[in-house]
Amino acid sequence: MATFRDLLSAAKSSITEIDTDTASARIDEGALILDVREPDEYEEGAIPGAVHIPRGHLEAQVEGRLLDKDAPVVVYCAGGVRSAFAVQTLQQLGYANALSMDGGYGRWKDEGRDWKKPASLTPEQNNRYKRHLLLPEVGTEGQLKLLDAKVLMLGAGGLGSPAALYLAAAGVGTIGVVDMDDVDASNLQRQILHNIDRIGDRKVDSAKKTLVGLNPDVNVVTYDTRLDASNIMEIIEGYDVIVDGADNFPSRYLLNDASVKLGIPVVHGSIFRFEGMVSVFHPTEGPTYRDMVPEPPPAELAPSCAEAGVLGVLPGIVGSIQALETIKVILGLGDPLIGRILTVDTTDMEFRVFNLKPNPDNEVTYANRDRIRIEELDGLCAPGLDH
């Protein structure tokens with residue numbers, strides 16, 4: 001019967017071991033780093049950028065975490081024993097370029113090389129967000145990004161309600177809410193942040209009660225005011241993403257100009273009767289609202305929901321997509337709707353995507369940000385630009 005030493009010797013004879021100098025060089029060249037220590041060891045310190053999978057979970061988790069089996073991988077543990085067995089397993093799973101770092105993290109740290117104490121979630125947060133943590137594209141690092149993120153909701157109405165609920169549930173750490181209305185009974189057909197007991201309450205106060213009740217991790221900042229040229233820059237500055245649920249053209253254009261000037265991405269949504277649309281206006285990466293709508297249409301061609309009506313569930317669909325796009329922007333996940341417009345017609349349940357290109361006549365761009373003046377807009381919503 002083989003002993004532990006026999007097994008270790010057999011493992012080391014079948015893999016490639018490298019010293020810490022070589023490991024450091026491979027990492028600098030772009031090799032992935034895999035830490036196979038136990039969670040308590042990892043939390044005390046790790047090589048920056050390491051993917052953490054405890055040795056006991058390696059076979060079950062690695063193919064969902066390290067997707068490219070041809071990529072070079074530097075594997076380490078505390079001293080080089082578990083990493084040897086881990087590399088042997090990785091080779092059996094098809095990872096042809098896995099290397100074990102001899103001496104492990106102990107030698108790496110003793111030599112004064114770069115390390116850090118990983119940020120971690122509390123036990124309560126690990127439980128709350130565990131479905132996120134199982135996603136390789138999110139994991140602990142992504143969840144910490146969400147908890148550190150700041151998102152501003154323009155409106156606590158039909159679109160802002162589902163978007164804010166899902167962002168709070170996802171663990172976005174700071175959610176700002178701008179609204180100056182009271183809760184009305186006519187809102188409750190679609191504005192699910194509110195309820196019948198809060199009719200007459202300020203919408204921002206109702207929204208805060210709902211969001212904090214859903215997730216105490218979330219800091220809800222309320223702005224019980226009309227967004228205008230005198231306050232918009234102060235309000236939106238410092239937020240990572242803005243979710244636009246405005247229902248009028250002056251507010252949309254004002255938000256566009258201010259967000260372009262500050263370089264803040266806007267996740268835009270709009271609804272009309274049975275139809276809706278979503279796009280991501282990222283000033284530094286793609287077209288913006290003025291590229292899509294150079295000037296507002298005549299009022300008779302763009303009645304409000306109060307005038308034309310809206311199917312109550314429609315803003316739930318569009319607002320949820322806005323929340324998803326916001327999370328994608330925060331995490332750098334997938335392909336957000338930058339330069340694209342997603343439309344939905346719920347009568348036929350048909351989704352379409354249209355490309356949106358920058359308008360060469362649009363001067364409200366990030367490159368021209370120093371020329372943009374934030375001022376009250378006239379009836380045509382013409383931008384203020386210094387020449």
Apply salt bridge (charged side-chain N to carboxylate O under 4.0 Å, His left out) to residues E275 and R273 and explain how you reach the verdict. CA-CA 6 Å; E275 300 174 0; R273 291 173 57 83; over 6 Å; no
Answer yes or no: is there a donor N or O on one side and an acceptor on the other, between the side chain of [X] and the main chain of [Y], under 3.5 Å?
X	Y	result
D228	N231	yes
W108	A78	no
D179	A156	yes
S259	N256	yes
S161	G157	yes
Y129	L121	no

Salt bridge (charged side-chain N to carboxylate O under 4.0 Å, His left out) assessment of K357 paired with D291: CA-CA 7 Å; K357 295 183 178 181; D291 293 302; over 6 Å; no
Apply the side chain to side chain contact (heavy atoms under 4.5 Å, CB included) test between L99 and each candidate in V75, V87, T16, L90; give the one that qualifies.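 Only one of V75, V87, T16, L90 forms a side chain to side chain contact (heavy atoms under 4.5 Å, CB included) with L99, namely T16.
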Spacing of CG belonging to N126 relative to NE2 belonging to H132, to within rounding of 0.5 Å: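 Going from the CG atom of N126 to the NE2 atom of H132 covers 13.5 Å.
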At what distance, to the nearest 0.5 angstrom, does CG of D148 lie from OG1 of T174?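 With rounding to 0.5 Å, CG (D148) is 8.0 Å from OG1 (T174).
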Once you measure the plane-to-plane angle for F249 and Y289, does it fall in the parallel (<30°), tilted (30-60°) or perpendicular (>60°) bin?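 Geometry flag for Y289 against F249: tilted rings.
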Mutual orientation of the aromatic rings belonging to F281 and H268 [parallel < 30°, tilted 30-60°, perpendicular > 60°]: tilted
Verify the neighbour count for atom [atom1] of [X]: are there more than 12 heavy atoms of other residues, nucleotides or ligands below 6.0 Å?
X	atom1	answer
R26	CZ	no
E141	CD	no
K12	NZ	yes
F85	CZ	yes
Q92	CD	yes

NZ or CZ of R340 within 45° of F354 ring axis and under 6.0 Å: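 Ring-cation test returns no.
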Determine, step by step, whether T22 and D19 satisfy the side chain to side chain donor-acceptor pair (under 3.5 Å) criterion, reporting the C-alpha distance in whole Å, the side-chain angles of both residues, the deciding distance to 0.1 Å, and the verdict. CA-CA 5 Å; T22 305; D19 59 23; 2.8 Å; yes
Starting from the C-alpha separation in whole Å, work towards a yes-or-no answer on salt bridge (charged side-chain N to carboxylate O under 4.0 Å, His left out) for R252 and D247. CA-CA 8 Å; R252 292 170 182 166; D247 60 359; over 6 Å; no
List for me each residue that meets side-chain hydrogen bond (donor to acceptor under 3.5 Å, both in side chains) alongside S120, sequence neighbours excluded, and say none if there are none. none
Step by step, work out the salt bridge (charged side-chain N to carboxylate O under 4.0 Å, His left out) result for R113 and D21. CA-CA 10 Å; R113 300 180 188 275; D21 281 334; 2.4 Å; yes
Check this for me: does any side-chain nitrogen of one of [X] and [Y] sit under 4.0 Å from a carboxylate oxygen of the other?
X	Y	value
K328	D335	no
D240	K150	no
K109	E111	no

Would you indicate whether the side-chain heavy atoms of V151 and V267 approach each other to under 4.5 Å? no
Which atom pairs, one a donor and one an acceptor, fall under 3.5 Å between side chains of residues 64-71 and the rest of the protein, sequence neighbours left out?
| residue | atom | partner | partner atom | Å |
| --- | --- | --- | --- | --- |
| R65 | NH1 | H52 | O | 3.4 |
| D68 | OD1 | D70 | N | 3.0 |
| K69 | NZ | E63 | OE2 | 2.6 |
| K69 | NZ | L93 | O | 2.7 |

